[in-house]
Amino acid sequence: MRRAHRLPRAGTFPTLPRLMSEQVRVRFAPSPTGYLHVGGARTALFNWLYARHTGGKFILRIEDTDAARNTEAAMQAIYDGLRWLGLDWDEGPLVGGDFGPYFQSQRNAIYESYIAKLRAGGHLYEDGGALRFRSLRKVQTVDDMVCGKIPFDLSNAETHPDMTIRRPDGSWIFHFVNVVDDIEMKITHVIRGEDHLSNTPKHLELFEALGATPPRYAHIPLIMNKDGTKMSKRDQGAAVGGYIEGGYVPEAVRNFLCLLGWSPKDDREIMPISEVVERFDPANINRKAAHFDLEKCDWINQQYILQMPLEKLAEQVEPWLTKAGINFDTRANILPVLTLVRERLKKLSDAPAWMDYFFTEDFPFDAEAVAKVLAKPGALDHLRALAAAYAGLAAAYAGLGKWTAAALETSLKSQATLAGVKVGEFVHPARIGATGRSVGASLYHTLEVLGRERVLARFDRALAKLSATK
RNA sequence: GACCCUAUCGUCCAGUGGCCUAGGACAUCGCCCUUUCACGGCGAGAACACGGGUUCGAAUCCCGUUAGGGUCGCCA
């Protein structure tokens, strides 16, 4: 029944005549709650994408009519989250603009003037000290870019009571200030969560009573937990701050969010944001609520780590190494190590665990690995033989740059042949001797990066330590 | 309760009447590569919620049921 009333979605709004001469102005209007929810972040992202796609403006407006929530820290979480995701705003807090102030708490005079307008039009009445808007009592049709045309019958006062727009203490209610600000800030398109869809007919009444043309609306589906339950603050992946602290690459999270409810229609997934900006079309936004899959986000994150230019990766990994107390001295030192271990990193925060033993000689030996490998008969002898061979290798080619992965491999393999054992009998003891653990990047490359002196010293140290305990 | 939105693999998406014995990705499982862990490659299992229509033909259109979500605040 609903579908019969819907207009085709594709291409409906960009061709509207009024938009041809009008620059797109969209806004993200969060209320400061102390954190930025992924759903909010995606709403901001879609607005930003639309602004960038059309060459319009992306505006940030803080809906802080609730004084109790209006704290600097809560505001900061919004700024930090948006900036981290690379969603720069053209007008709003910190950057200004021609339609400010961009905090509702500072727009009292404007709201008063609109109250006067409504009062003059006979649209208001008082009820227990509060101000109520007298509904127009007719059908309001929401023409939504995502959901199509939806008529709402507001004629029944029982089911649709007049909305309150101002409390007895003079503070404002969301519906009213939201509409006033959208008029004042010349907002052309409102892209917001689907939870506002049922509020929209009320907003339309306000626009009508104020004699203003409403913006175009696009209500995007909500984001739920993977199991379909509602996502709340504490849930995994709910807060943008969690990604910042969790070692995610901002571009990866943004890429993931782009794909939650929107699709380029051709199976492309890892996409540079410039391509998304180019191809983004609100008409292609899905109508079904998306369930949040953090594992897929992790995979995308890994893809970004894999594909990022090495220098850039180093830059992003650095703070994590510092935080873990790893003394890498200069960024140049971490580049060769990163080359070896990057395909093992799912998150930036994994870096210290894979890299620490490259930057200290005082690394621990993994007890389990030692018990499993070096305790085996002959293991220490193999290591001893290898140490001797490598020392010889080093001496033979001293200073000639022959301490290479290839040379080390050849040498190790011939030692294994000499001893009449499988290559692994040398490889595993060598890895533990040089790194203290049983897992890691390619052994020969690891040894190459470590360098002759350190490898030989480490073998000696391992031999001394493990022979003693034996 | 009323009104509104939604319904394809466990999850994200593709599919807009015939190209669908339903495609891709994550996850899962198997094999290959390999000194380990990964990366990578190959392969497998896995879905059109249900019931009625319309039509020569329906995942696609219509109706209903069921399920999920949203709104109905002097929250935003």
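In the text below, chain A, chain B and the rest are named by the order of the sequence lines, each starting its count at 1. Small disclaimer: the values here were computed from a predicted structure and weren't measured.
Atom CG of Asn286(A) and atom C1' of rG69(B) are 14 Å apart (whole Å). Regarding Glu343(A), its CD atom lies at a distance of 18 Å from the P atom of rC33(B), rounded to whole Å. As rounded to whole Å, 17 Å separates atom P of rC75(B) from atom CG of Asp195(A). When the C1' atom of rG70(B) is taken as reference, atom CZ of Arg192(A) falls 13 Å away, rounded to whole Å. Rounded to an integer number of Å, the gap from CD of Gln236(A) to P of rU11(B) is 18 Å.
Atom P of rG52(B) sits at a distance of 13 Å from the matching atom of rA58(B), rounded to the whole Å. The P atoms of rC12(B) and rA27(B) are separated by 15 Å, rounded to the nearest whole Å. Using atom P as the reference point in both rA14(B) and rC61(B), the two lie 14 Å apart (nearest Å).
Looking at Arg437(A) and Asp356(A), a side-chain N of the basic residue comes within less than 4.0 Å of a carboxylate O on the acidic one, giving a salt bridge. Remark: Arg166(A) engages Glu112(A) in a salt bridge, criterion side-chain N to carboxylate O under 4.0 Å.
Sorted by residue number, the members of residues 253-262 of chain A with any non-hydrogen atom under 4.0 Å from RNA chain B read Leu259(A), Leu260(A), Gly261(A). Residues from residues 265-279 of chain A that place a heavy atom under 4.0 Å from any atom of RNA chain B, listed by number: Lys265(A), Asp267(A), Glu269(A).
For Lys230(A) and rG70(B), the shortest distance from a side-chain N or O to OP1 or OP2 is below 4.0 Å. For rC75(B), one of the phosphate oxygens OP1 or OP2 lies less than 4.0 angstrom from a side-chain nitrogen or oxygen of Arg167(A). Phosphate proximity of rC39(B) to Arg342(A): absent, as no side-chain N or O sits under 4.0 Å from OP1 or OP2. Using a 4.0 Å cut-off, some side-chain N or O of Thr65(A) falls inside it from OP1 or OP2 of rA76(B). Regarding contacts with the backbone of rA2(B), every side-chain N or O of Thr159(A) stays at 4.0 angstrom or more from both OP1 and OP2.
With sequence neighbours excluded, no residue forms a side-chain hydrogen bond (donor to acceptor under 3.5 Å, both in side chains) with Tyr444(A). Ser198(A) pairs by the side-chain hydrogen bond (donor to acceptor under 3.5 Å, both in side chains) definition with nothing, not counting sequence neighbours. By the side-chain hydrogen bond (donor to acceptor under 3.5 Å, both in side chains) test, Thr159(A) is found to be paired with no residue, residues two or more places apart in sequence or in another chain being considered.
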Could I get a table of every N or O pair under 3.5 Å where one atom is in the protein and the other is in nucleotides 8-10 of chain B?
{"residue": "rU8(B)", "atom": "OP2", "partner": "Lys288(A)", "partner atom": "NZ", "Å": "2.5"}

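Residue contacts shown for Gln303(A) are limited to sugar-phosphate atoms, with no base heavy atom under 4.0 Å away. In this structure, Met163(A) reaches neither bases nor backbone, as no heavy-atom distance under 4.0 Å exists between it and the strands shown.
A donor-acceptor contact under 3.5 Å links the side chain of Asn199(A) to the base of rA76(B). For a distance-only test at 3.5 Å, the side chain of Lys296(A) fails to qualify as a donor-acceptor partner of the base of rA27(B). In terms of polar N and O atoms assigned as donor or acceptor, the side chain of Arg287(A) never comes within less than 3.5 Å of the base of rU6(B) in a complementary pairing.
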